[in-house]
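A short write-up of the structure that comes next.
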Amino acid sequence: MNEAYDVVVVGGGAAGLSGAVTLARARRSVLVVDARRPRNAPAGHVHGYLGREGTPPGELLATARAELAGYGGEFAVGTVTSAAKDGEGFVVVVETADGGARELRTRRLLVTTGLVDELPEVPGLAERFGKDVLHCPYCHGWEVRGRRVGVLATGPVAWHHAELWRQWSDHVIVLRHGVEVPDAVQAERLAARGIHVTDGPVASVEADADHLTGVRLASGEFVPLDALVVATRMTARAGLLDSLDLRPVPVEFGGEVVGSRVPADPTGATEVPGVWVAGNVADVSAQVVVSAAAGLRAGAMINADLVAADTRDAVEAYRELQRTHFEQDAWEDRYRSRPTLWSGNPNPQLVAEAASLAPGRALDVGSGEGADAIWLAARGWQVTGTDISTVALARAAEHARAAGGQIADRITWSHADLRDAPPANGGYELVTAQFMHLPTGPRRAVFAALADAVAPGGTLLIVGHHPKDKRDGGGPGVYLDMMYTPEQVAADLDPARWEIRAETRARQAVDPDGKEITVHDAVVAARRR
Ligand SMILES: Cc1cc2nc3c(=O)[nH]c(=O)nc-3n(C[C@H](O)[C@H](O)[C@H](O)COP(=O)(O)OP(=O)(O)OC[C@H]3O[C@@H](n4cnc5c(N)ncnc54)[C@H](O)[C@@H]3O)c2cc1C
């Protein structure tokens with residue numbers, strides 16, 4: 001177990017495992033904590049699960065656990081004893097299999113703890129529950145079709161059960177065990193269907209080594225039977241939600257309370273934000289396949305909720321980045337964080353474009369640690385290197401001095417934010433901006449000012465990361481909407497004033513992991529007419 005998950009699923013039955021597989025397949029970190037007491041454990045087979053008819057319950061869950069593990073989901077045996085709010089998420093306390101206790105953090109909670117079948121207290125009954133003491137005709141009716149079926153009538157719902165089970169057998173007998181005699185209308189319905197009613201109460205359930213043989217009435221009479229139908233009281237296992245003030249509500253059937261469930265909307269969302277329920281804890285009538293489906297739906301809804309939260313957080317972070325990333329403090333921090341940020345080599349597109357130009361006055365925008373300015377100065381240019389970071393400028397000046405010759409004398413270092421302090425109009429034979437990425441609005445304004453700074457006959461050289469690299473699945477750590485194509489940059493230049501070349505150039509580079517990759521530069525080289 002880790003200490004923090006996107007989702008902790010409490011309960012590893014059909015509902016929980018199905019929800020967990022859905023979440024793991026959605027690339028969420030998910031842990032299922034399970035006390036390993038699924039409701040149908042006493043039964044030999046699962047019926048009514050399309051495609052898996054007759055599978056032993058344990059086998060179905062083992063297969064599901066393997067599927068979960070295959071997608072990276074985790075499973076732990078234990079009991080969740082409480083859950084408490086922790087910001088937007090929860091702290092969950094787990095009693096582990098070895099008796100220890102563990103605290104986990106989770107962003108969302110899926111509770112699939114099932115229900116407890118409370119059985120009528122009749123000696124010998126509990127031992128045979130799930131074998132030939134049965135509660136559900138859809139689970140077991142086919143297996144006892146045409147056999148002698150007794151219905152233990154502990155409440156008025158027994159009349160409904162008797163009529164229902166009559167579909168599976170002609171030999172249905174109602175054993176009155178605390179319920180009044182049927183009224184005239186009900187008695188007629190039972191008579192019409194050939195259902196016998198006997199007085200009780202039932203004193204004991206009788207069986208030989210392997211099978212139910214019948215029931216003994218308090219009168220001493222023995223009623224031979226092959227199956228006994230009971231109405232269990234189906235109580236939601238929801239104690240762990242007490243700490244979140246999430247309480248089960250009664251479930252009524254035919255005017256009788258037959259159990260309880262944790263209230264939720266059709267997707268499983270409860271009134272406590274971040275808590276979903278699925279399976280029998282939310283729906284006493286859900287069979288295995290229905291529970292699995294509810295788990296799947298809840299899992300998908302939880303993922304959607306997390307996607308919404310992730311997007312909200314990303315927007316906040318993005319706004320914060322837009323607000324701070326392009327400001328001086330952020331650049332100073334970035335340069336201070338490492339002794340060297342850049343390679344120290346001049347940018348390849350600058351070398352390709354400027355090598356053939358006659359030296360004059362050059363403006364190197366975002367001059368960084370100075371490699372481009374130094375390369376230009378070495379070729380005889382009078383360079384103004386401008387940057388928003390004083391740390392970068394100091395480093396660049398030091399590199400220029402170290403380069404020797406007249407290089408340092410040919411460079412003026414200028415501390416400026418070009419958004420507030422545009423360069424002098426027509427002041428340069430070359431203006432170069434390499435990999436300057438800003439939000440679109442400020443970027444277009446700065447590039448327009450750079451274009452104005454080019455003298456007649458001079459060159460504007462703008463090079464950036466092409467968005468193609470990002471779209472193709474790689475690319476630098478620049479937001480896609482701050483990248484640009486050469487055509488986008490060129491579209492802002494007036495062809496009447498500029499001779500424009502706008503090209504996408506591939507070149508080899510090395511990614512942060514040291515791997516050789518191909519990147520694409522957006523290159524605009526424009527000569528002012
Ligand atoms: C005898 C019997 C036979 C049945 N036969 C069939 C059948 O043939 N076909 C069919 O479709 N349906 C059948 N059912 C119904 C079936 O059992 C349920 O539909 C199904 O089990 C519901 O799945 P679930 O995931 O909601 O709950 P469960 O399968 O009950 O799983 C809940 C899990 O949560 C765990 N848990 C509970 N509390 C905690 C906690 N605090 N911390 C950690 N874990 C916890 C439990 O130990 C359990 O493992 C049968 C039911 C019974 C009683």
Side-chain angles (χ1 to χ4, degrees), residues 8-21 31-58 60-62 64-65 75-83 92-97 102 104 109-119 125-144 227-243 259 261-262 264 268 276-296 298-299:
V8 166
V9 179
V10 189
L17 288 168
S18 175
V21 167
L31 168 72
V32 177
V33 182
D34 184 37
R36 305 233 41 186
R37 289 196 313 274
R39 184 183 174 202
N40 57 349
H45 304 94
V46 175
H47 296 291
Y49 200 130
L50 191 67
R52 299 302 306 264
E53 181 56 33
T55 309
L60 191 68
L61 295 183
R65 286 194 295 272
F75 181 92
V77 177
T79 302
V80 173
T81 52
S82 71
V92 166
V93 178
V94 181
E95 199 179 288
T96 54
R102 196 98 193 241
L104 306 173
L109 203 53
L110 174 55
V111 176
T112 57
T113 41
L115 59 78
V116 176
D117 285 294
E118 290 167 21
L119 298 168
L125 184 145
E127 295 87 316
R128 301 225 53 85
F129 182 59
K131 299 177 179 70
D132 30 35
V133 171
L134 311 173
H135 74 298
C136 157
Y138 300 100
C139 307
H140 313 282
W142 175 265
E143 282 61 44
V144 297
L228 178 66
V229 171
V230 291
T232 68
R233 172 107 178 195
M234 297 169 285
T235 303
R237 268 204 209 103
L240 76 107
L241 295 173
D242 286 355
S243 43
R261 66 178 173 89
V262 175
W276 271 256
V277 287
N280 274 166
V281 74
D283 175 3
V284 297
S285 69
Q287 291 193 247
V288 179
V289 73
V290 177
S291 301
L296 183 151

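Whatever order the structure lists ligands and atoms in, that order sets their numbers, starting from 1.
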Could you check [atom] against the protein and tell me its nearest heavy-atom contact, residue, atom and distance included?
atom: atom 2 (C) of ligand 1; answer: H135 CE1, 3.7 Å
atom: atom 1 (C) of ligand 1; answer: G130 CA, 3.5 Å
atom: atom 12 (N) of ligand 1; answer: V288 CG2, 3.3 Å
atom: atom 47 (O) of ligand 1; answer: R37 N, 2.7 Å
atom: atom 15 (C) of ligand 1; answer: R39 NH1, 4.1 Å
atom: atom 38 (N) of ligand 1; answer: T113 CG2, 3.2 Å
atom: atom 8 (O) of ligand 1; answer: H47 N, 2.8 Å
atom: atom 20 (C) of ligand 1; answer: N280 OD1, 3.8 Å

Region of S291 that comes within reach of ligand 1 [heavy atoms, distance under 4.0 Å]: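 The part of S291 near ligand 1 is the side chain, not the backbone.
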Location of contacts on V290 toward ligand 1, heavy atoms closer than 4.0 Å: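 The answer is neither.
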Per-atom contacts of ligand 1 with [X], taking only distances under 4.0 Å to non-hydrogen atoms:
X: T79; value: 40 (C), 41 (N), 42 (N), 43 (C)
X: A15; value: 25 (O), 26 (O)
X: V10; value: 40 (C), 42 (N), 43 (C)
X: G279; value: 26 (O)
X: H140; value: 3 (C)
X: T112; value: 32 (C), 33 (C), 34 (O)

N or O contact, [X] vs ligand 1, cut-off under 3.5 Å:
X: V80; answer: yes
X: A35; answer: yes
X: A14; answer: yes

Between E118 and T235: side-chain donor-acceptor atoms closer than 3.5 Å: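 Yes.
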Please determine whether any non-hydrogen atom of [X] lies less than 4.0 Å from an atom of ligand 1.
X: F129; result: yes
X: A286; result: yes
X: G295; result: no

